[in-house]
Amino acid sequence: MSNSSQLLALASAIQTQVTAIHEHLASSGQAGPSFNGQSPETNYAGIDDIRAATLESLTRLHDLLSTPREILQHRSPTDFLSRHALDRLGIYDVIPVNETRTYEQLSATTKQPVRTLRRILRHAMTQHIFYEPQSGVVAHTQVSRLLTENSKIRDYYGTVCQEVWPAATRTVDALEKWPGSTQREESGYVLATGKPLQQVLDENPAKHKRYDNAMGSFANDRTFSFEHVIKGFDWASLGSATVVDVGGGVGTVSKALAKAYPKLNFIVEDQPDVVANAAVEEEEIKERIKFIEHDFFTEQPVDNADVYFIRRVFMEWPDDKAVLILRALLPAMKKGARVLIQDFYVPEPGACPLWQERRFRASDLLALALENAGQREFEDWRALFETAGPDFQFKGVTPVPNSDVVFIEAVARG
Ligand SMILES: C[S@@+](CC[C@H](N)C(=O)[O-])C[C@H]1O[C@@H](n2cnc3c(N)ncnc32)[C@H](O)[C@@H]1O
């Protein structure tokens, strides 16, 4: 296909895809997407795969039609400057979602000159954060409303601006200073702040709270929604089985699984201070969830479980430590017992839509900047189990439809 025919093919795909979206929205009585903060958010349930395919076609068409120079200009190092300023100046708190404010009113509240506020807000407006229904008057878009109403998402971007951004500016210095290091103490974050992230969080309760809240923002999205855990693996096929939730926090995920699968029993393991805050209130699952204190770098205390489930743990540890976590399971594992991991994953280049791959790779570099950590590709997961020892048989990586997550599976050879 010639390059210009490719443009036509993409345009035609977009026409078909958008027609399907339009028909779905019309038949479900929805007005369709709008940036206006007063409009309801569009519900794409049932057509999310078509929406994703449309975004892919659009991304490719947009990039193909951009000149090389424009491609370089698509992202600016100051993209986050206005978001950082809006967060720090508390602009979200001074414009109620159904109201408007003039720049003069905002100036009186924030003590910043009108011109500064105009520059910052008008930059943010190019990212659909606020808009001016008439010149000089600021109103909410759906994006600014989301940041105003959803404290978790706001805290996520607060963390991005105040922790990730400074770390990113020093990450290449760290790479030069400590080539190939995977130590948290040798990250861009440490060069930017003088301390590893965990220490900064431990010493600053407000930052800690914001960080924890930020992590919670993934609970309902394409990354770590419980729904992907519940539906993404055939738990029912295990029958009556025992699942050890290694590093399972206060058991939130085990509780959701226990409700969905009445034949499963769970043992949730975590550090003593976490287990101390864990409890099960619900009668229907109370008998099927136990908590124990366990350091996952030491030998696994629960013998002969069917599944050792490890979710959102490996993303925090470099390979040398991840291997230790895997090896600590082996003495307890019977033949055929599974290690089931749910974690971040980066597909091979081109194996998923470009807009999605950009997100995966951005989050990979985010982990590098903050903690010298990183996301793993297929080969990395396979190599991890290989290094952990011949007693593991790596089974592969299974994507969960309509999500950004995968299940990574291995069994004990016994
Ligand atoms: C990101 S959280 C994930 C929690 C849970 N698996 C989930 O998906 O919601 C990582 C968990 O690992 C636990 N953790 C960290 N170091 C640990 C260790 N050495 N032994 C056991 N748990 C640990 C933390 O306390 C935390 O609950």
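Indexing begins at 1, ligand by ligand and atom by atom, following the structure's order. Keep in mind it's a predicted model, so treat the numbers as computed, not measured.
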Next on the checklist: I'd like to know whether the aromatic ring centres of Tyr92 and Phe130 sit less than 6.0 Å apart in this structure.
Outcome noted: yes
Checklist entry - What are the atoms of ligand 1, with element, lying closer than 4.0 Å to any heavy atom of Phe297? => result 19 (N)
Checklist entry - Which ligand 1 atoms are under 4.0 Å away from a heavy-atom of Gly249? => result 27 (O)
Checklist entry - Is the charged tip of Arg51 near the ring of Tyr44: under 6.0 Å from the six-membered ring centre and within 45° of its axis? => result yes
Checklist entry - Would the Tyr345 and Phe314 ring centres measure less than 6.0 Å apart? => result no
Checklist outcome for this item: heavy-atom search around atom 26 (C) of ligand 1 in the protein gives Asp270 OD2, 3.6 Å
Next on the checklist: When you compare ligand 1 with Asp295, is there at least one nitrogen or oxygen pair between them that comes in under 3.5 angstrom?
Outcome noted: yes
Checklist outcome for this item: One finds that the ligand 1 atoms under 4.0 Å from a non-hydrogen atom of Gly248 are 5 (C), 6 (N)
Checklist entry - Looking at ligand 1, does any of its N/O atoms fall within less than 3.5 Å of an N/O of Trp317? => result no
Next on the checklist: My understanding is that we take every heavy atom of each candidate and find the minimum distance to atom 15 (C) of ligand 1. Doing that for Arg311, Met215, Gln271, which one comes out nearest?
Outcome noted: Gln271
Item to check | Sub-3.5 Å N/O-N/O distance, Val246 and ligand 1 | outcome: no
Item to check | Least distance between heavy atoms, Leu354 atom then Glu56 atom | outcome: N-OE1, 2.7 Å
Checklist entry - Got the closest protein heavy atom to atom 22 (N) of ligand 1, with its distance? => result Phe296 CE2, 3.2 Å
Checklist entry - Taking 4.0 angstrom as the limit, do Asp391 and Arg327 come out as a salt bridge? => result no
Checklist entry - What about Arg312: any of its N or O atoms under 3.5 Å from an N or O on ligand 1? => result yes
Item to check | Six-ring centre of Trp317, Arg184 cation under 6.0 angstrom, axis tolerance 45° | outcome: yes
Checklist entry - Salt bridge between Glu282 and Lys255, side-chain N to carboxylate O under 4.0 Å? => result no
Checklist entry - Considering only the protein, which heavy-atom contact is closest to atom 5 (C) of ligand 1, and what is its distance? => result Gly247 O, 3.4 Å
Item to check | Side chains of Arg83 and Val160 in contact at under 4.5 Å (non-hydrogen atoms) | outcome: no
Next on the checklist: Taking a cutoff of less than 4.0 Å between a non-hydrogen atom of the residue and any ligand atom, is Gln342 in contact with ligand 1?
Outcome noted: no
Next on the checklist: Which residue is it: Val243, Leu238, Val307? I am looking for the one with a side-chain contact (heavy atoms from CB on, under 4.5 Å) to Leu340.
Outcome noted: Val307
Next on the checklist: Can you name the atoms of ligand 1, numbered from 1 with element, that are less than 4.0 Å from a heavy atom of His294?
Outcome noted: 20 (N), 21 (C)
Item to check | Residue part near ligand 1, for Val274, under 4.0 Å between non-hydrogen atoms | outcome: side chain
